[in-house]
Amino acid sequence: MANDNISKIEAVVRRIPAGKVATYGQIATLAGLPGNARQVGAVLGNLPDDSGVPWHRVVNSLGRISERGSGTSEGLQRHELLFEGVVFSDSERIDLSVYQWKHKK
DNA sequence: GTTATGACCCAAA
DNA sequence: GTTTGGGCCATAA
């Protein structure tokens with residue numbers, strides 16, 4: 001059931017600590033869906049407002065912000081991350097070497 | 001059941 | 001570290 005995958009993805013995203021970011025592939029793998037990174041994004045898009053999932057802590061491989069493209073948060077994500085202590089690079093990019101979340105254990 | 005699209009990832013240049 | 005091309009899975013029409 002697809003709904004079950006959403007629960008897993010939510011659980012993984014919820015594990016992301018403040019001031020850290022994770023990539024879709026990382027989440028997909030941790031959620032038990034290797035190679036289904038796209039589905040993670042699709043799930044986040046289907047996430048309800050009361051899901052309590054910090055989707056703004058989820059970025060793509062290059063640490064770039066991935067929004068839906070339709071002026072949806074257009075920088076809201078950046079603001080939220082900055083609020084949590086995440087530092088952005090010159091062109092709206094994050095230094096994954098420092099801020100990429102390490103589930104490690 | 002098939003076609004088309006998507007908040008992506010990986011390997012190579 | 002960034003960009004280009006190819007590929008995987010799931011949802012929608």
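The structure displayed is predicted, hence computed values, not measured ones. So that the names make sense, note that chain A is the first sequence line, chain B the second, and so on, each numbered from 1.
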(message) Between P on C:dT2 and CG on A:Asn60, what's the gap in Å once rounded to a whole number?
(response) 10 Å
(request) Name the residue closer to the 5' end of DNA chain C, choosing between A:Gln39 and A:Ser97 according to the nucleotide with the nearest heavy atom. (result) A:Ser97
(request) Find the distance A:Leu62:CG to C:dG1:C1' and express it as a whole number of Å. (result) 8 Å
(message) Just so I know, are the side chains of A:Arg78 and A:His56 near enough to count as touching, which here means a heavy-atom distance under 4.5 Å?
(response) no
(message) Taking the basic N atoms (NZ, or NE/NH1/NH2) and the acidic carboxylate oxygens, is any pair closer than 4.0 Å for A:Glu92 and A:Arg64?
(response) no
(message) Does a side-chain N or O of A:Thr23 approach OP1 or OP2 of B:dC8 to a distance below 4.0 Å, or not?
(response) no
Protein-nucleotides 6-8 of chain C N/O pairs closer than 3.5 Å?
{"residue": "C:dC8", "atom": "N4", "partner": "A:Arg38", "partner atom": "NH1", "Å": "3.1"}

(request) Look at the side-chain N and O atoms of A:Ser61 and state whether any lies under 4.0 Å from the OP1 or OP2 oxygen of B:dC8. (result) no
(request) Let me know the distance between CG of A:Leu44 and P of C:dA10, rounded to the nearest Å. (result) 16 Å
(message) Are the side chains of A:Val87 and A:Ile94 in contact, using a 4.5 Å heavy-atom criterion?
(response) no
(request) May I ask you to verify if any side-chain N or O of A:Arg64 is less than 4.0 angstrom from the OP1 or OP2 atom of B:dC9? (result) no
(message) Any base atoms under 4.0 Å from A:Leu33, or only sugar-phosphate, or nothing? Heavy atoms, all strands.
(response) nothing
(request) Kindly give the heavy-atom pair with the smallest separation between A:Ile16 and A:Val58, and that separation in Å. (result) CD1-CG2, 4.3 Å
(request) Let me know the distance between CG of A:Leu96 and P of B:dC10, rounded to the nearest Å. (result) 12 Å
(request) Starting at atom OH of A:Tyr24, determine the distance to atom C1' of B:dG6, rounded to an integer number of angstrom. (result) 11 Å
(request) Over all heavy atoms of both residues, which pair between A:Ile9 and A:Gln39 is shortest? Give the atoms and the distance, please. (result) CD1-O, 4.5 Å
(request) For A:Ile27 and B:dC8, give me the distance from atom CD1 to atom P, rounded to whole Å. (result) 12 Å
Show me the donor-acceptor pairs, under 3.5 Å and distance only, between side chains in residues 19-35 of chain A and residues at least two apart or in other chains.
{"residue": "A:Lys20", "atom": "NZ", "partner": "A:Val98", "partner atom": "O", "Å": "3.4"}
{"residue": "A:Thr23", "atom": "OG1", "partner": "A:Gln26", "partner atom": "N", "Å": "3.3"}
{"residue": "A:Gln26", "atom": "NE2", "partner": "A:Trp101", "partner atom": "O", "Å": "2.8"}
{"residue": "A:Thr29", "atom": "OG1", "partner": "A:Gly25", "partner atom": "O", "Å": "2.8"}

(request) Determine whether more than 12 heavy atoms belonging to other residues, nucleotides or ligands lie under 6.0 Å from atom CZ of A:Arg15. (result) no
